[in-house]
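Per chain, numbering begins at 1; letters A, B, ... match sequence-line order.
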Amino acid sequence: MSEWDCEPDVLTYNVMIKLCARVGRKELIVFVVERIIEKGVKVCMTTMHSLVAAYVGFGDLRTAERIVQAMREKRRDLCKVLRECNGQDLKEKEEVEEEEDAFEDDEGLVYTPRDEVIEEGSEDVFKKLLPNSVNPSDEPPLLPKAFAPDSRIYTTLMKGYMKNGRVADTARMLEAMRRQDDKNSHPDEVTYTTVVSAFVKAGLMDRARQVLAEMARMGVPANRITYNVLLKGYCKQLQIDKAEDLLREMAEDAGIEPDVVSYNIIIDGCILIDDSAGALSFFNEMRTRGIAPTKISYTTLMKAFAMSGQPKLANRVFDEMMRDPRVKVDLIAWNMLVEGYCRLGLIEDAKRVVSRMKENGFHPNVATYGSLANGVSLARKPGEALLLWKEIKERCVVKKREESEGDSSTPMLKPDEGLLDMLADICVRAAFFKKALEIIACMEENGIPPNKTKFKKIYVEMHSRMFTSKHASQARVERRMERKRAAEAFKFWLGLPNSYYGSEWKLGPRED
DNA sequence: ATAGGGTTAG
């Protein structure tokens, strides 16, 4: 920046705190603060907010609490506090690593490093921007002045408790804020909404409602977000009637008109109780009231029809979404369309949709393939699973640079457990052992432990008598050699007796 | 495009 004749200001550094937070570089935060002070830039209250938000984002509530506590004590040695926190982290990390070493697996299992993946070159950038992180000063600099905490910073910390399910701490924090002499620390509507969220998360709807009443008493009016949180809570508890009552109340009693989010929540709530008609009726009511559906509204209504076995209706919603100039169809909407057909095992329809989505420039992702695998399984067409696996396999391969330049358009695919397990399951049932082993190898490459017990059970129940027919002709036996070899390899992987060990394995009476 | 609270996918 100096090269361009402009110096970074406090805003620049506040953004840098957020940057460090987003790339998971907790240990660098303190050096940003030190750099601000050393460069003589004025730290502002927002810097403090950014700091607490960053640590809450890391899930490091202990440090967030220590910052707030230091502020309460009017301390200026914030950097010292943060350095101490870094030191503690380092010590604890070492202890954990020692424990892990002690538990070294006898199979020589290699632990994948849990450290954040650092992008190439990013280290140099940080070294340049934060030279003090390479050569820290002996004594960390002091803040030019102390900052008193306000309700915003308390609420940020409270959000940390809420996100971590610490309901009691959330409630205690509210109580403490109410008792503050400083009016700037009193709970506001965001604070109360955070408390409501904590109760909703814990399924404590009555207590959440009490908070709403208290807000009215305290003269801190609830807003639309508060109501939406409550609506979501009732829906999660499958109390759609109560959600509907609240939807009416918020307009009548509080004068807060429901918005598209309110309707999205209640439409999704209807789905939870298998009420696709209710979902449609709320969708229509919303439009009647002049509230424009978003892509989330359309996708949620599609979900209602997909889940209730009405893919044609889902398709009609999709078409309408296509025609609506206010929204853009996205991958999620395409996936919902695919899912609608797959849930009924209508593979051909699903495949047609996938072709169309590809033509429209959307690449299927893990969710798309997951739906397809499920559909293939339901349709009992294991041959389709082979085609599907072929496509997935090609996208799992890490292509070399020269090769990928031609078609850099297809993004890499990281398959997940659900997808691979489903495909392997289909292959084992269909006695496609060679493919099953390929998929299992892929699981292991991706660090997913295959469910060996389950596959063993399927094998024993379905195939243990395979290739034992005495009536097969010699020609037939020879044709099956290849498959038999695959079966033996699969049995070897399962740990069942196999021809590699020269012992034939017989099915005994089952005990379960 | 700086910091607190809410909604969509197998």
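B/dA3 atom C1' lies 6 Å from atom NE2 of A/His49, rounded to whole Å. With rounding to whole Å, A/Tyr227 atom OH is found 18 Å from B/dT7 atom P. Across the protein-nucleic acid pair, A/Ile36 atom CD1 and B/dA3 atom P stand 14 Å apart, rounded to whole Å. The distance from atom CG of A/Asn228 to atom C1' of B/dT8 is 14 Å, rounded to the nearest whole Å. Here the C1' atom of nucleotide B/dG5 and the OH atom of A/Tyr154 are 19 Å apart, to the nearest Å. When rounded to the nearest whole Å, the span between CD1 of A/Ile17 and C1' of B/dA1 equals 16 Å. Distance NZ (A/Lys159) to C1' (B/dG6): 12 Å, rounded to an integer number of Å. Spacing between atom CG of A/Asp330 and atom C1' of B/dT7 amounts to 14 Å, rounded to whole angstrom units.
When each of A/Asn86, A/Thr63, A/Asp60 is tested with A/Lys26 by the rule side-chain hydrogen bond (donor to acceptor under 3.5 Å, both in side chains), just one qualifies, namely A/Asp60.
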For this session: Would you please test A/Asp425 and A/Arg429 for salt bridge (charged side-chain N to carboxylate O under 4.0 Å, His left out) and show each step?
Result: CA-CA 6 Å; A/Asp425 193 289; A/Arg429 286 174 195 278; 2.5 Å; yes
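Minimum atom distance to the side chain of A/Asn14 is reached by B/dT2, of the listed B/dT8, B/dT2, B/dG6. Taking the side chain of A/Val15 as heavy atoms from C-beta on, and the options B/dG4, B/dT2, B/dG6, the nearest nucleotide is B/dT2. Side chain of A/Lys18, nearest nucleotide from B/dT2, B/dG4, B/dG5: B/dT2. In this structure, of B/dG4, B/dT8, B/dG6, it is B/dT8 that holds the atom nearest to the side chain of A/Thr299.
Put simply, the side chain of A/Asn164 gets close to the backbone of A/Gly160: a donor and an acceptor are under 3.5 Å apart. A/Lys358 contributes no side-chain N or O that, together with a main-chain N or O of A/His363, makes up a donor-acceptor pair within less than 3.5 Å.
Using a 4.0 Å heavy-atom cutoff across all strands shown, A/Asp150 reaches no nucleic acid atom at all. Counting non-hydrogen atoms under 4.0 angstrom, A/Val190 reaches a base of the nucleic acid. Backbone-only engagement by A/Thr156 is indicated by non-hydrogen atom pairs under 4.0 Å involving sugar-phosphate atoms exclusively. Within 4.0 Å (heavy atoms only), A/Val366 reaches at least one base atom of the nucleic acid.
Sorted by residue number, the members of residues 260-276 of chain A with any non-hydrogen atom under 4.0 Å from DNA chain B read A/Val261, A/Asn264, A/Ile265.
Residue A/Asn223 places a side-chain atom within donor-acceptor reach of the base of B/dG5, judged by atom type and a 3.5 Å distance cut-off alone.
Distances shorter than 4.0 Å separate some side-chain N or O of A/Lys232 from OP1 or OP2 on B/dT8. Checking the phosphate oxygens (OP1, OP2) of B/dT8, no side-chain nitrogen or oxygen of A/Lys295 falls inside 4.0 Å.
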